Structure formats: C-alpha cells, structure tokens
Amino acid sequence: MSAEVSFTKRAAQELSRCFNGITVRQNRSKAQSTAANNADNTSQQPINGNQKPLINESTQLIGKTQLTNYVNNRSNNSCHNLNLSPKFNHKVTPNGTPRRGSRNGLLPPQAPPKTWRARRKNYLLNVQRAKYIDELWSDNKFLMKFFTYFSPIERCLLAQVCKTWQTLLYSDHRFWRHLMPVLFCDELRREKSLTSAASDQQIVVNTCGPQLGLPNGADFVINEIKANLYYSIDVRSFDSIGMFGATDGDIVDFTSKTRPTLLNRLTTVSLRNSSISDKGLEVLLSSLSSLLKLELTGCNEITDSVMWTALVPKLEILVIMDCINISDETVAAICQMLPNLKKLQIQAYHVTDTSMAYFGSTMARENLRVLMLHHCWELSNQGVATLAHGLPNLHTLSLSGCSKVSDDAIEVIAEQIRGLRYLDLSWCPRVSDASLEYIACDLSDTLTHLILDRCLHITCIGMGYVATMTRLYHLSLRWCPQVRDFGLQTLCSMRSLKSLSLAGCPQLTITGLSCLVQMQTLSDLELTNCPAATPELINYLSDNLPHNCMITI
C-alpha cells in the first residue's frame with residue numbers, strides 16, 4: 001500500500017506540474033472511475049507535512065491506470081492515451097505532449113518581425129559583445145560592413161590608416177565605383193627635378209662620401225612612386241583613368257609598366273592639358289582593346305591625321321575640346337572611322353559648313369544621338385540645315401557659342417528633328433522670339449530642356465511661346481536682359497517646369513519674382529546676381545514654395 005501511495009504521489013506531482021488547472025473528460029469507464037476514487041482518497045492526505053495537495057479535490061483526477069500510462073509514455077514523449085478536453089487543446093502540441101511556456105492557459109504573444117534598422121542594430125551589438133572594442137578595428141567582417149557607411153572619397157583617406165584597411169578596401173571593387181583615378185604627370189616630373197636638385201646639393205656638401213649617379217637616384221624614386229600608383233589603380237579594378245600634363249614619355253611609361261589586366265579593363269581615358277603628339281596617341285589607343293570613351297581636352301599637338309590612324313572603331317563617346325588643330329578633316333575621319341559612335345562633343349574654331357555634310361553618312365545617321373557643337377564660329381545657317389537633314393534621329397543638340405546661327409536655322413531644326421528633347425542655344429545672339437515660336441509649335445510634345453543663356457533678343461513675347469510647352473522640365477534664362485515681370489508671370493502657369501534659372505536678369509523686380517510662389521512644382525530656382533533678390537524676398541519664397549525647392553542666390 002505504501003508503494004502505491006508513493007507512486008500516486010509522484011504521479012500527482014508530475015500531473016500537477018504539467019496539467020494544473022486542466023479538467024479531464026468525465027466519460028470514463030467503470031474501472032477508471034474506481035481507480036480514480038482510490039486516487040482521490042490517497043491525494044487528500046498531506047504529501048509533505050503541511051504542504052497543500054497539489055491537485056484540488058473538486059478536480060476529477062485521472063485514474064491509476066492512466067497515471068501509469070502517462071508516466072511510462074512521458075519518457076517516450078507521447079501522451080496520446082490522455083483524453084483531454086478540446087477546450088484546452090491549445091496547451092497540447094499536435095503529438096499530444098504538453099506545450100511548455102504557457103501561463104494561465106495562454107501561449108505567450110509572438111514578437112513582431114524585426115525591421116532592417118533593428119536587425120542592423122542587433123548585428124552591431126552582437127559583434128561588440130563578442131569582441132573588445134580594440135579588436136573590432138582588425139576584424140575583417142566588421143570592417144567590411146563599417147566601410148559601407150562612407151563615401152568613395154572618404155575611403156581614400158581610410159585606406160591610408162594602416163596596411164590592413166588598405167588591403168580590405170582595395171580588395172572590393174564596389175567601394176570604388178564611379179570614380180576616375182588621375183595621374184598628374186607634370187607634378188611627377190616636378191618632383192623628379194626637385195629630387196635631383198636635392199641630390200646634387202648633398203653630393204656637393206659630402207665630397208668624401210660615395211658619389212652615386214644623381215639622375216639614376218631621382219629616377220629610382222619616381223619609378224617607385226609610379227609603380228605604387230599603377231598597382232593601386234590595378235588592384236581596385238578601376239575601368240577609367242585620367243592624365244594631366246602627359247607627354248609621349250608618360251604614355252610609353254604607362255603602357256609598358258602597367259599590367260595587361262588593367263589595360264584590357266580600361267573603358268574610359270581622359271587626356272587634359274597634355275602635350276602628346278600623334279605618335280603618343282597612337283601608342284595609347286593601340287594598347288587599349290576595350291576603350292569606349294575618349295576625352296581630349298587642351299591637346300594642342302594632336303592633328304587631323306591621327307584621327308584616321310589611331311581611332312578605335314569600338315568608341316561610343318568622343319569628346320574633343322579646345323584642340324586648336326581640329327578642323328573639317330577631323331569630322332570626316334570621325335564619321336568614317338567610328339561606326340558605333342553615339343555621342344560627339346566638339347569645341348573647334350575651324351569647323352565650317354563643309355564638315356556638316358559628313359554627318360549624312362549611313363553610320364552616323366543611324367547611331368549618333370547626342371551632338372554638341374561648342375563655339376563653332378564658322379558654322380552658319382546653311383551648315384545647321386545640312387546637319388538637321390542628315391541627323392533626324394538626334395535627341396540632344398547643342399549649338400552653344402555658334403554666333404552665326406539665327407532663327408532660320410532653328411526653324412529647320414524644329415521641322416526636321418522632331419524627337420529632340422534637349423536644345424542648347426546659349427550664346428547665340430541672333431536667336432530671337434521667332435525661334436521660340438518655331439520650337440513651341442513643333443517640339444512642344446518632346447522638348448524637356450531648353451537653354452537660352454545670353455540670348456539678347458528674347459523678350460516677354462517669347463516667354464509666352466515657352467509657356468505653351470507642356471513637357472518642358474528645365475528652362476535657363478541666365479543673363480537675358482529683356483526678360484521682364486510680364487514674361488515671368490506667363491511662365492507661372494506651367495505645371496511641368498521643375499528647374500528655372502533667372503540669374504543675372506536685371507529687369508526683373510520684386511513684384512515679378514513674388515509671382516513664382518504659384519509654381520508649386522519647382523524643385524530648383526536660381527536667382528544669382530539678380531538685383532531684385534533681396535533677403536526679404538528670399539524668405540518669402542522659401543516660406544511659400546515647396547519645402548524641397550532649392551533656391552540658389
């Protein structure tokens with residue numbers, strides 16, 4: 001009997017711990033009822049002195065047979081012999097075992113999903129818990145995450161902290177996207193001359209010491225500097241490079257001492273203020289098999305002949321600015337040698353109407369989409385008309401500084417190039433309100449950018465034509481002396497305009513500028529050198545224009 005009571009006590013303790021407060025179904029057999037009554041009589045006795053019974057008398061207990069089955073089956077994680085009421089099934093798992101962690105018969109509430117900010121915070125906290133603060137700066141996983149919060153320019157400074165940081169930053173090319181490394185060749189030559197002068201002075205003072213060759217010593221220092229530069233460019237996987245003040249010797253040095261992986265990766269090369277000759281340009285372009293963009297600025301030693309021999313047929317973008325030897329022959333070579341050219345930007349003072357006929361070739365007509373002719377003083381209306389007939393698929397055209405272009409040429413452009421989206425007529429003194437009428441009639445549905453800087457004959461009548469353009473996004477009227485308040489008020493009805501420049505317009509008053517508060521779509525407003533832009537007016541515009549509108553004064 002004592003063994004039975006001891007067994008019942010242990011079973012009651014286990015049941016009380018797992019099923020405290022749970023009512024068992026009453027549809028039990030006669031044998032089970034008898035066993036339950038015996039268990040009830042036993043459970044009424046105190047278990048440990050003054051300790052209260054673990055199971056209430058009013059609760060119908062499980063019989064001795066079920067107690068035995070439960071204790072035996074619990075070790076096997078199975079309680080399917082217990083017939084619990086469906087009312088309390090939320091405390092039992094699908095296989096019948098009691099669910100732990102519940103309180104008052106209810107499961108604990110589930111936490112909401114964590115946000116990205118919370119996950120990032122937990123990540124940083126876990127990292128800091130795992131290591132000391134000093135050890136974090138040498139942990140590669142933490143540093144790779146840490147470097148993502150800086151701009152590419154700031155990473156250039158971080159790479160100079162230590163060798164470990166430099167290695168990590170150089171190993172991931174994603175840190176250096178959209179950057180162009182620049183080699184200042186003239187500064188390297190200046191450093192070489194200073195090193196040679198210092199070595200000369202040291203040898204004169206120390207006449208008893210070994211006299212090393214001075215030029216060789218200076219060359220060794222410069223070669224070390226260049227080797228480090230070439231290595232840093234290569235390991236960071238740059239695909240573009242710029243060179244300032246380069247000569248033919250610098251070009252040969254770069255192509256011979258740089259690894260082929262870098263030369264085959266370069267897609268963009270910029271040469272500025274360089275004195276390279278035709279031979280140096282040929283050497284450079286012949287070593288770059290993947291070149292897609294070439295920029296030549298201030299290279300006065302380059303002539304027309306190199307364009308026939310050095311240009312790579314894969315070029316898609318060509319920029320030639322301020323090269324005094326560029327003429328019509330260069331345009332002919334470009335149109336014939338570059339079948340994949342999509343953008344051409346030329347600033348040439350000797351390009352005439354004759355060269356515009358070359359753009360009518362099949363290759364240029366099909367692929368060229370962006371043409372920017374800057375300060376082509378010899379270009380007249382006849383050349384522009386020829387250009388418009390030869391390139392009807394252009395979507396960007398700039399005639400900035402073409403002083404001989406007048407309203408007749410703009411009329412042909414508006415009629416022939418019907419898909420034009422960007423038009424730059426700045427510094428064209430012969431353009432008047434008639435040009436704006438042609439543009440508003442034929443390009444109203446396509447033109448998004450219109451540049452009219454320094455157009456001296458644009459008046460309020462022309463502003464009325466511009467106001468009818470439904471898709472105009474950007475309008476620039478810098479230093480247009482005849483734009484007045486009435487013309488500015490007509491522009492206030494435009495709902496598509498987001499960028500407006502009125503810099504240097506002397507006829508505008510505070511009354512006219514105050515009307516700009518009606519343009520609630522503006523995001524950029526320029527009022528530089530505008531006499532009526534007083535501090536009170538700027539405060540008024542800031543309070544009434546959209547909050548994201550940037551006012552430049």
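Predicted model only: the values in this text are computed from it and were never measured.
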* Asked: Are L373 and V351 side-chain neighbours, meaning at least one heavy-atom pair lies under 4.5 Å?
  -> no

* Asked: Are side-chain N/O atoms of W308 and E329 paired as donor and acceptor at under 3.5 Å?
  -> yes

* Asked: Under 6.0 Å between the ring centres of H375 and Y349?
  -> no

* Asked: Does some side-chain heavy atom of I346 sit less than 4.5 Å from a side-chain heavy atom of V319?
  -> no

* Donor-acceptor side-chain pairing of S499 and H474 below 3.5 angstrom -> yes

* Asked: Got Y473 and H449 here, is their nearest side-chain heavy-atom distance under 4.5 Å?
  -> yes

* **Pairing of R265 and D239 as salt bridge, 4.0 angstrom limit** => no

* Given side chains that start at C-beta, do those of I451 and S426 come closer than 4.5 Å, heavy atoms only? -> yes

* Asked: Does CH2 in W176 sit with more than 12 non-hydrogen atoms of other residues, nucleotides or ligands closer than 6.0 Å?
  -> yes

* Min side-chain heavy-atom separation L168-M144 under 4.5 Å -> yes

* For S501 and E526, does a side-chain donor sit closer than 3.5 Å to a side-chain acceptor? -> yes

* Presence of salt bridge, D172 and R236, under 4.0 angstrom -> no

* Asked: Quick one: do the T303 and N325 side chains pair a donor with an acceptor below 3.5 Å?
  -> no

* S240 OG to L179 CG distance, which is reported to the nearest 0.5 Å -> 8.0 Å

* I276 to E301 - nearest heavy-atom pair and separation -> O-CB, 3.1 Å

* Asked: Y230 and D253: side-chain donor and acceptor closer than 3.5 Å?
  -> yes

* To do: Indicate whether any N or O donor in one side chain lies under 3.5 Å from an N or O acceptor in the other, for T352 and D328.
  => yes

